[in-house]
Amino acid sequence: MSECDVMREGMPLLLTESLDPVRRELTHSHIERCPACGDEWNGLRETWRLMGELPKVEVPASIKERVLEAVGQPRPQVATVVPLFRRVVLRRLAEAAALVVLVGGSYYAGHRTRPVELQPTQATINSVAPARYSIAESRVFPADLVSPTIEGRPDIENVSFIDTNPNDDAIGLSFDITSHVTVTGRPTDKSMVRLLRYMLENHETMSPSRSKAIDWVRATYSRPGNADPEIAEALGNVLRNDAHQNVRIKAADTLKHMGASAASDTREILVEALKNDPNPAVRIKAVEALANLARSGVQLDSATIDTLRQKAVQNSENVYVRVKAAEVLSSVHQ
Amino acid sequence: MRVRLSSACVALGLLLASTASARPMAATDRLSETLSLGIGGSFWIDNPIGSIEIVGTDSPGLNVTAVRTVTGEDQAAVNEGREQTVINFQGDQNVRFIQTVVAQTHARNWNSTVAYTIRVPRTVHVRVASRFADRIRIANIAGNVTVKSLTGLITLDGVSGASIIDITNGKVVFHYTQKPSSHAQIQAVNADIDVSVPPDSNLNWIADTLRGDVLTNLPVRAEFQGSLFHGTVNAPGGPNITTQTAVGNVRLLGNGLPITNLKSLRQVAESQNVVAQQKMLVARSLMLRPARRVQLPIVSGGFDFATSVGDVSVGEIRGPARIQTAAGEIELGMVYGDCNVGSLGGPLDLGDIMGTLTASTGAGDVQVRSAALGGHISTAGGMIRVLYTAGPTTLESGGGDIVVRQAAGPINATTQSGDITITADPNQNTQKIVARTEQGNVFINLHPRFGADIDATVVTANPDLNSIRSDFSGLQIRRESDGNKTRIRATGKLNGGGERIDLYAEDGDIHITTISGSPVTIVPPLP
């Protein structure tokens with residue numbers, strides 16, 4: 001069966017808007033580039049339009065029965081076709097009636113006459129539907145998932161046309177798009193946590209500033225129940241890498257206020273900050289965060305204890321840091 | 001009667017059986033070993049958990065008695081603990097090394113300790129390493145002694161060789177039976193240190209404690225250098241005995257002298273006005289003070305307080321306040337007079353200050369609820385947050401944000417790294433503001449009728465990202481290259497002009513925004 005035959009077979013269903021979206025798009029594409037099928041489609045559409053203009057005529061019951069009978073049973077070999085009507089209008093009417101009967105009969109034959117059999121199967125979950133959207137560097141959307149309405153004037157750049165196989169009808173359009181996205185959810189939603197983590201660790205141009213963003217993170221994730229290890233880890237990376245002192249101060253302060261369960265994984269980074277950060281305020285926040293961990297029963301490892309001890313006896317260190325380090329050590333037990 | 005007695009016996013038996021089954025199992029092994037060790041040799045021991053007693057004798061050889069105790073939930077756990085706790089003997093007659101090896105396994109349901117009693121020739125050098133020891137006692141040793149432990153009571157009795165003690169939590173007692181002849185260094189974190197010597201000993205005593213005190217009942221000629229005490233007992237030229245602890249007390253005692261004669265050297269220094277003589281050196285003078293913690297609801301009249309290490313919390317001071325601490329948090333509710341607060345390290349939380357405020361900290365955040373006459377607020381590193389100020393106020397941070405929620409007086413704010421946010425009082429039609437950050441943004445919030453001459457500068461390596469944004473019209477913005485950076489400068493008059501507003505931000509934005517309403521801040525009540 002040629003491609004044209006397949007497409008023409010679907011035209012009646014296309015007329016009645018019963019075709020599935022994928023086939024509908026394929027059929028339309030074919031009609032646009034195939035003149036023969038285009039003529040066929042135009043003829044069919046014209047017929048359909050004329051049918052709408054004509055008064056409804058009831059198909060005689062005998063004809064309907066015979067047609068249904070013919071559809072339901074093996075078709076007899078008919079040697080000749082006998083024209084029933086000579087006038088054009090009546091011929092069109094007959095064509096339309098035949099079309100209706102054919103479509104209806106096909107539907108009936110395909111869906112109604114087939115007995116429905118339900119095989120007993122064990123209920124199992126084979127797959128979980130993935131999240132509808134994922135935020136990634138590069139994504140591929142099927143066209144039917146993209147709304148045909150383009151809202152606003154998004155900035156589209158680096159457009160390229162993709163047709164990997166000219167023999168099939170699949171094409172692609174690739175581009176960079178900049179648009180404003182708002183993601184809403186609860187602070188504990190994994191998507192929200194991941195998004196915030198990404199922003200904290202990677203986004204240098206946060207508006208109005210990263211320190212304000214950390215203020216917000218602190219206000220949100222210091223609340224009981226909201227503390228999240230991934231946010232703590234992101235803050236730890238900020239504490240380790242950010243060149244701005246005030247950002248590091250805030251990252252350490254936020255870790256101090258997060259629950260011990262969330263912040264315990266960042267212990268090494270806190271120790272590193274206590275040991276090496278040039279800003280005494282960062283070191284104070286770091287030692288206070290470690291004190292909170294120790295108070296909550298988190299077992300401090302030998303490296304942490306050694307650093308605290310070193311700080312407690314270091315004459316050049318700020319006295320407050322020394323005293324706090326000593327206080328943390330006082331809670332060390334077997 | 002017989003039936004009753006039998007029932008009682010059965011019940012008692014069941015009770016004992018159930019009690020026995022609920023109690024954790026324990027097993028004790030005893031091991032004795034005698035090894036050769038020369039009189040000029042060394043003895044090392046590494047025992048993570050358990051007591052150690054080492055006594056010097058006049059006989060050659062090493063005699064070790066070890067008692068291994070394992071406790072567990074059941075017999076299997078005890079057996080596993082015994083298998084996983086191993087005593088190793090290594091070395092030869094010159095150096096002997098005993099090591100307790102305890103396997104580090106996760107989720108183990110047993111604990112083990114090994115207690116050692118060891119006899120060594122008194123002339124050997126001794127080195128002890130431990131983590132959690134109830135007690136470490138070393139007696140009658142003429143060689144060098146080194147002890148390192150995380151916790152425990154360390155006692156050195158009759159040790160005449162050079163000694164180094166390093167402990168985190170616990171206590172150190174060093175008893176000299178003869179005049180010290182070798183140097184000793186004792187370093188601790190959370191531990192008291194007691195050293196007792198014959199009263200006629202000649203020695204140099206160096207003591208250092210942050211929060212504790214330095215006490216002695218011996219005649220001492222002393223000099224303080226900050227928290228460090230440098231003293232000489234009797235004739236000069238003796239060995240150095242260094243005693244350092246972060247938050248404990250240090251005591252030097254004379255054998256046989258009454259303990260009631262102990263004197264606090266810090267108090268003596270204070271009474272002899274040594275503090276006043278060292279006023280130029282603030283850190284030094286503060287560390288001379290005894291460590292004290294103060295918590296008062298109300299002080300009638302002025303309040304003058306200084307301490308080496310300690311937190312200060314006062315609800316209300318009905319007069320001027322002058323508070324200094326070398327390390328600690330200072331929290332004041334209301335001060336009716338001038339307020340001068342200084343900490344070499346620690347946060348400052350100040351309430352309503354009716355007089356001029358001078359507040360500084362070596363490191364830590366500063367929060368001020370209101371400064372009626374303004375003042376000077378600084379931190380070497382930390383955030384400064386002022387809710388209201390009505391006088392000229394200077395704010396300086398070595399690194400951290402500066403926020404002034406309602407400025408009814410001139411503001412001069414500088415930070416090396418951080419954002420500066422200043423909201424002008426809506427009742428002020430103009431006022432001088434200077435805000436300068438070496439790394440960060442400047443946010444200035446003004447009411448729509450505010451008049452000022454604006455001079456705002458952004459120096460940035462990323463001119464596409466950083467800019468000057470203003471809700472007010474009439475500013476002229478120029479861009480010029482400045483080395484590998486771009487200088488963006490905005491000048492102009494707001495509402496016909498007024499006091500000068502100088503703003504400077506490096507690698508950040510400057511936002512000049514309008515505020516329509518009055519700022520509202522909800523302040524939590526003081527505890």
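Residue numbers begin at 1 in each chain, while the letters A, B, ... track the order of the sequences. The analysis underlying the following values was restricted to heavy atoms, covering all of them including side chains, and did not include hydrogens, waters or symmetry mates.
Residue contact with chain A, scored on non-hydrogen atoms closer than 4.5 Å, involves the side chain of Asn169(B) exclusively. For chain A, no part of Ala191(B) is nearby; none of its heavy atoms comes within less than 4.5 Å. Using a 4.5 Å cut-off between heavy atoms, Ile249(A) touches chain B through its side chain atoms alone. Only the side chain of Thr421(B) comes within less than 4.5 Å of a heavy atom in chain A; its backbone stays farther off. Interface residue Asp166(B): backbone and side-chain heavy atoms are both found under 4.5 Å from chain A.
Using a 4.5 Å cut-off between non-hydrogen atoms, the part of residues 272-283 of chain A that approaches chain B consists of Asn279(A), Pro280(A), Ala281(A).
Expressed to the nearest 0.5 Å, how far CG of Asp208(B) lies from CG of Asn315(A) amounts to 5.5 Å. Put simply, OH on Tyr320(A) and OG1 on Thr325(B) are 10.0 Å apart, with the number rounded to the nearest 0.5 Å. Asn190(B) CG to Glu327(A) CD: the interatomic distance, rounded to the nearest 0.5 Å, is 8.5 Å. Distance check: Asp242(A) CG to Gln439(B) CD gives 8.5 Å after rounding to the nearest 0.5 Å. Separation of atoms CZ (Arg309(A)) and CD1 (Ile167(B)) is listed at 8.5 Å; rounding is to 0.5 Å.
Residues Ile305(A) and Leu150(B) come closest through the heavy atom pair CG2-CD1, 3.5 Å. Ala312(A) and Ala246(B) get closest at one heavy-atom pair: O-CB, 4.0 Å. Contact detail for Gly362(B) and Asn318(A): the closest heavy-atom pair is C-ND2, 4.1 Å. Counting all heavy atoms, side chain and backbone alike, Gln244(B) lies closest to Val313(A) at NE2-O, 3.8 Å.
Side-chain contact, Asn246(A) with Ser417(B): a donor N or O sits under 3.5 Å from an acceptor N or O.
The environment of CD in Gln314(A) is crowded: more than 12 heavy-atom neighbours from other residues, nucleotides or ligands sit within 6.0 Å. Within 6.0 Å of the NZ atom in Lys485(B), the count of heavy atoms belonging to other residues, nucleotides or ligands exceeds 12.
Most heavy-atom pairs under 4.5 Å with chain A, from the set Thr361(B), Thr151(B), Asp365(B): that is Asp365(B). The residue among Val247(A), Val323(A), Asp253(A) with the most heavy atom pairs within less than 4.5 Å of chain B is Val323(A). Per-residue counts of heavy-atom pairs under 4.5 Å with chain A were compared for Ser397(B), Ala380(B), Gly328(B); the largest is that of Gly328(B). Among Gly364(B), Gly170(B), Gly418(B), Gly440(B), the residue with the largest count of heavy-atom pairs under 4.5 Å with chain A is Gly418(B).
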Next on the checklist: Before you tell me yes or no, could you show the steps for Arg322(A) and Val247(B) under side-chain contact (heavy atoms from CB on, under 4.5 Å), namely the whole-Å CA-CA distance, both residues' side-chain angles and the distance that decides it to 0.1 Å?
Outcome noted: CA-CA 9 Å; Arg322(A) 292 178 64 186; Val247(B) 294; over 6 Å; no
